[in-house]
Amino acid sequence: MPDTPPTVAVLTAQPLEYTAVRARLTDIEKRVHNPTGTRAEIGQLPGTSWRVALLEMGEGTRGAAALTERVMSWFKPDAVLFVGTAVGLREDICVGDVVIATKVYAVHGGKETPDGFLDRPETWHAPHHLEQAARFALRSHEHTHFKPIAAGDVTVADPASPLTQRIHRRFNDAVAIETEGSGVAHAAHLAGTAGALIIRGISLGSRVRVPARWSRVTVMNISFLRERAIRPRACGSCGRSSRSGTGAGCG
């Protein structure tokens, strides 16, 4: 029997990001999940054997977690990529740069005590094979960073806000903050069948709001990088493509 084409699920929070990725696909088909009514599109990534299942989830960690799990059970992808934009937290991470999250911090967990707030964060590391694929593909690309990011349920619009200052003190290596990555990472972790890589473009600097055109430039960069980062990996013994991410291609 012929091999089943490998599939990558690409998840976005907003229409702009969805449209930028969709523009790079061919042979697009609409899909509706029954009985929930969740809608997705699946298309071919030109020049590769990969199919891309594309879904716009909306904003927020809870919806991101629920829909990531749904997409994984629905399409059974080999990898999940969440692409979108984030707010930069450091001056050396510029508007238009792309951050591949090596860690995702869920920053709102904690305990209020008479002595103050005690952080109880959760952390998810990027799957090794996806991070390595991205590092290999993007080695020659400037303005690409492999750094931790923070995720929560609050949109940050003030660089001097208490939340921003707490992130600086308690999660000092986080270079950006967004509102979906922890949900995607946790759902992928619980599913255990495919890893998730969070790819974020910096659309807002830590000190200034930028024109909307920068968001489009950023999203297009993400789409391009996403396409180069993931390819079917060959089995070390026989050279056949491995879908599972474990290197198991023989048998």
Side-chain angles (χ1 to χ4, degrees), residues 10-14 16-17 20-21 59 61 64 81-108 119 121-128 130-185 196-230:
V10 177
L11 312 177
T12 76
Q14 300 186 30
L16 179 65
E17 302 151 1
V21 176
E59 300 177 359
T61 56
L81 303 179
F82 183 69
V83 301
T85 55
V87 175
L89 296 175
R90 289 195 349 200
E91 293 184 352
D92 58 339
I93 305 295
C94 301
V95 171
D97 286 6
V98 174
V99 177
I100 293 87
T102 55
K103 290 185 289 186
V104 178
Y105 295 119
V107 298
H108 283 116
D119 288 286
E122 291 189 81
T123 305
W124 297 267
H125 288 260
H128 178 69
L130 296 182
E131 181 186 337
Q132 284 291 296
R135 287 183 183 274
F136 184 84
L138 305 177
R139 187 172 296 137
S140 62
H141 288 268
E142 297 181 356
H143 312 299
T144 302
H145 311 273
F146 289 81
K147 297 288 185 180
I149 65 170
D153 292 311
V154 176
T155 299
V156 174
D158 179 8
S161 70
L163 176 60
T164 304
Q165 298 305 312
R166 184 166 68 85
I167 292 172
H168 178 70
R169 293 192 305 271
R170 307 292 176 84
F171 309 93
N172 187 255
D173 55 347
V175 302
I177 182 169
E178 43 95 301
T179 56
E180 293 84 28
S182 60
V184 174
L197 194 65
I198 313 300
I199 305 173
R200 290 298 204 172
I202 304 303
S203 64
L204 296 175
S206 62
R207 294 186 179 276
V208 62
R209 183 175 296 275
V210 298
R213 63 184 178 86
W214 274 105
S215 293
R216 181 172 293 277
V217 171
T218 299
V219 171
M220 294 304 292
N221 284 339
I222 293 170
S223 301
F224 173 72
L225 296 175
R226 191 270 314 161
E227 290 181 7
R228 294 181 60 88
I230 308 298

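Position 1 is the first residue of the sequence, and the numbers go up from there.
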request  = Decide yes or no on side-chain contact (heavy atoms from CB on, under 4.5 Å) for Leu81 and Leu11, but give the supporting numbers first.
outcome  = CA-CA 6 Å; Leu81 303 179; Leu11 312 177; over 6 Å; no

Contact summary for Ala176 and Ile202, nearest pair of heavy atoms = CB-CD1, 3.8 Å

note = When rounded to the nearest 0.5 Å, the distance separating NE2 of His143 from CG of Asp97 is 6.5 Å

query = Does any N or O in the side chain of Glu17 come within less than 3.5 Å of the main-chain N or O of Gln14, such that one atom is a donor and the other an acceptor?
reply = yes

query = Distance only, no hydrogens: is a donor on one side chain within 3.5 Å (strictly under) of an acceptor on the other, for Asp153 and His108?
reply = no

Exam field: side chain Glu178 to backbone Gly181, donor-acceptor pair closer than 3.5 Å = yes

query = Less than 4.5 Å apart, any side-chain heavy atom of Arg166 and any of Phe171?
reply = yes

ask   = If you round to the nearest 0.5 Å, how far is CG of Asp173 from OH of Tyr105?
value = 3.5 Å

Ala150 to Val107 - nearest heavy-atom pair and separation = CB-CG1, 3.6 Å

inquiry  = Any non-hydrogen side-chain atom of Val10 less than 4.5 Å from a side-chain atom of Phe82?
reply    = no

inquiry  = With side-chain contact (heavy atoms from CB on, under 4.5 Å) as the criterion, how do Thr123 and Val104 come out once you've worked through the C-alpha distance, each side chain's angles and the decisive distance to 0.1 Å?
reply    = CA-CA 6 Å; Thr123 305; Val104 178; over 6 Å; no

inquiry  = Quick check: do Thr179 and Thr155 have side-chain heavy atoms less than 4.5 Å from each other?
reply    = yes

task = Keeping the roles fixed (side chain from Asn172, backbone from His168), state whether a donor-acceptor pair exists under 3.5 Å.
result = yes

remark   = Ala64 and Val184 have their tightest heavy-atom pair at CB-CG2, 4.0 Å

key: Reported CD1-to-CD1 distance for the pair Ile149 and Ile93, which is rounded to 0.5 angstrom   = 12.0 Å

ask   = If you take all heavy atoms of Thr102 and Pro148, which pair is closest and at what distance?
value = OG1-N, 3.3 Å

inquiry  = Any non-hydrogen side-chain atom of Arg135 less than 4.5 Å from a side-chain atom of Phe146?
reply    = yes

request  = Output yes when Arg200 and Glu180 qualify as a salt bridge under the 4.0 Å nitrogen-oxygen rule, no when they do not.
outcome  = yes

remark   = In Thr85, Ile199, Val83, the residue satisfying side-chain contact (heavy atoms from CB on, under 4.5 Å) with Val98 is Ile199

key: Separation between OG1 of Thr12 and CD of Glu59, rounded to the nearest 0.5 Å   = 10.5 Å

inquiry  = Distance check, rounded to the nearest 0.5 Å: Thr164 atom OG1 versus Ile177 atom CD1?
reply    = 6.5 Å

Nearest heavy atoms of Val99 and Lys147, plus distance in Å = CG1-O, 3.8 Å

task = Please name the pair of heavy atoms, one in Leu197 and one in Ala134, separated by the smallest distance, quoted to 0.1 Å.
result = CD2-CB, 4.2 Å

